[in-house]
Amino acid sequence: MRRPLVAGNWKMHGDLKRAVNLARAVCAGAPDAVDVVLFPPYVHLQSVVDAVDATSVEVGAQDVHSATEGAFTGAVSASMVKDVGASHVIVGHSERRAIFGDTDDGVARKFALALDAAIAPILCVGETLTQRESGNAESVVLRQLDAVLERVGAEGLEAGMIAYEPVWAIGTGRTATPQQAQEMHAIIRDAVARRDEAVSQRIRVLYGGSVKADNARALFQEPDIDGALVGGASLNAEEFLEICKTAAD
Ligand code: PEP
């Protein structure tokens, strides 16, 4: 039985006051039976860590650099993120891959550095609409997953988790159907099983892509969907908590 996890990726939204208020509102209503992790922008990390103090809600960073330190103006390392109290980090989000040029190899290095810093990476994988329509969805997702498995092995992967996020469903209001999501989650779990059957049964695979309070239940009913990575809907405490409660049911 895998414990559900619901993550809120706030992206580059909000100011400090909104971030703290949102974090406090989530803490006030977060159900016990679900892991809840909030991903504010870097500059709000410390304040949100303070706001969730003494609650079960955890905090993560939206990305880290693929090196431990150096002359990388504007970048933040995994150990810096750990230092301010973050417990998780998202790596390989499709916006990072598409806008900032993150490669499979770079994402795998970020994943490994997060493990070294003792924070749990959430590896995002997912295909674009063109890749899906040309029949390449599975090969793209498996290539992204394999890059990380090659670097850290199944045991390393297990210290983090995976989020299947079809790019065509992110911020578009167009969710994958529960069947489409389940099909890819099962493919992902099978790929992990080929390396290590026990790890494949324990690792959590989240779904992300326009998850809302009104579509979460059908997604969470699928056997291989262990929670959600939520973007837009995580900016509204009430809606985000509805999703968390649905995951707890
Ligand atoms: C995301 O950015 O990871 C995401 C899933 O966004 P949204 O929920 O807004 O589609």
Side-chain angles (χ1 to χ4, degrees), residues 4-14 18-19 22 26 34-42 44-45 48 58-64 81 86 88-102 107 110-111 114 120-129 131-132 137 140-141 144-145 148 160-178 180-182 184-185 188 204-220 222 224-247:
L5 185 145
V6 179
N9 177 12
W10 297 352
K11 309 193 185 186
M12 198 174 73
H13 290 294
R18 185 177 174 197
L22 184 52
V26 169
V34 180
D35 290 337
V36 177
V37 192
L38 303 177
F39 292 85
Y42 284 134
H44 300 152
L45 267 176
V48 173
E58 295 178 286
V59 179
Q62 296 173 17
D63 186 49
V64 283
V81 157
H88 291 69
V89 62
I90 298 170
V91 298
H93 190 280
S94 61
E95 286 152 16
R96 297 289 323 175
R97 292 181 193 262
I99 304 169
F100 300 95
D102 283 16
V107 171
K110 291 178 182 196
F111 195 102
I122 300 182
L123 168 67
C124 295
V125 295
E127 80 288 355
T128 63
L129 190 57
Q131 288 163 337
R132 174 162 282 260
V140 168
V141 166
Q144 293 170 340
L145 176 61
V148 172
M161 68 202 84
I162 301 161
Y164 169 56
E165 298 208 303
V167 181
W168 46 272
I170 295 181
T172 58
R174 183 177 167 184
T175 328
T177 64
Q180 283 173 319
Q182 166 58 28
M184 191 61 84
H185 282 231
I188 290 169
R204 289 183 284 197
V205 186
L206 315 179
Y207 169 78
S210 299
V211 175
K212 305 268 184 293
D214 62 6
N215 60 25
R217 189 169 300 280
L219 288 159
F220 294 157
E222 296 296 333
D224 288 298
I225 299 182
D226 305 316
L229 177 50
V230 184
S234 70
L235 295 168
N236 177 313
E238 215 176 300
E239 173 132 30
F240 184 66
L241 285 170
E242 261 320 297
I243 297 170
C244 295
K245 285 173 192 152
T246 305

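When a residue number appears, it is its place in the shown sequence, counting from 1. Counting convention: from 1, in listed order, for ligands and their atoms alike.
Looking at Asn9 against ligand 1, only its side chain comes within 4.0 Å, counting heavy atoms. The proximity of Ala169 to ligand 1, defined as any non-hydrogen pair under 4.0 Å, is limited to the backbone.
Taking distance alone, with nitrogen or oxygen atoms compared against 3.5 Å, Glu95 stays at or beyond that limit from ligand 1.
Looking at Gln62 and Met12, their side chains never come closer than 4.5 Å, going by heavy atoms from C-beta outward. Residues Arg97 and Val107 are in side-chain contact: their nearest non-hydrogen atoms beyond the backbone lie under 4.5 Å apart. Counting heavy atoms from C-beta on, the side chains of Met161 and Asp226 never come closer than 4.5 Å. Inter-residue side-chain proximity for Val148 and Val125 is flagged as unmet; no heavy-atom pair is nearer than 4.5 Å. For the pair Phe240 and Leu38, the minimum side-chain heavy-atom distance is below 4.5 Å. A heavy-atom distance below 4.5 Å is found between the side chains of Leu241 and Val26. Using a 4.5 Å heavy-atom cutoff, the side chains of Leu22 and His44 are not in contact.
Of the protein's non-hydrogen atoms, the one nearest atom 4 (C) of ligand 1 is Gly231 N, 3.6 Å. In this structure, the protein non-hydrogen atom closest to atom 1 (C) of ligand 1 is His93 NE2, 3.2 Å. The closest protein non-hydrogen atom to atom 9 (O) of ligand 1 is Gly232 N, 2.8 Å. Protein heavy atom nearest atom 5 (C) of ligand 1, with residue, atom name and distance: Glu165 OE2, 3.1 Å. Protein heavy atom nearest atom 2 (O) of ligand 1, with residue, atom name and distance: Lys11 NZ, 2.5 Å.
Of all atoms in ligand 1, listed by their number and element, those nearer than 4.0 Å to a heavy atom of Gly171 are 7 (P), 9 (O), 10 (O). Those atoms of ligand 1 with a heavy atom of Leu229 less than 4.0 angstrom away are 3 (O), 5 (C). Ligand 1 places these atoms under 4.0 Å from at least one heavy atom of Ser210: 7 (P), 8 (O), 10 (O).
At least one heavy atom of Gly209 sits less than 4.0 Å from an atom of ligand 1.
Taking the six-membered ring for Trp and thresholds of 30 and 60 degrees, Phe39 and His88 have ring planes more than 60 degrees apart, a perpendicular arrangement.
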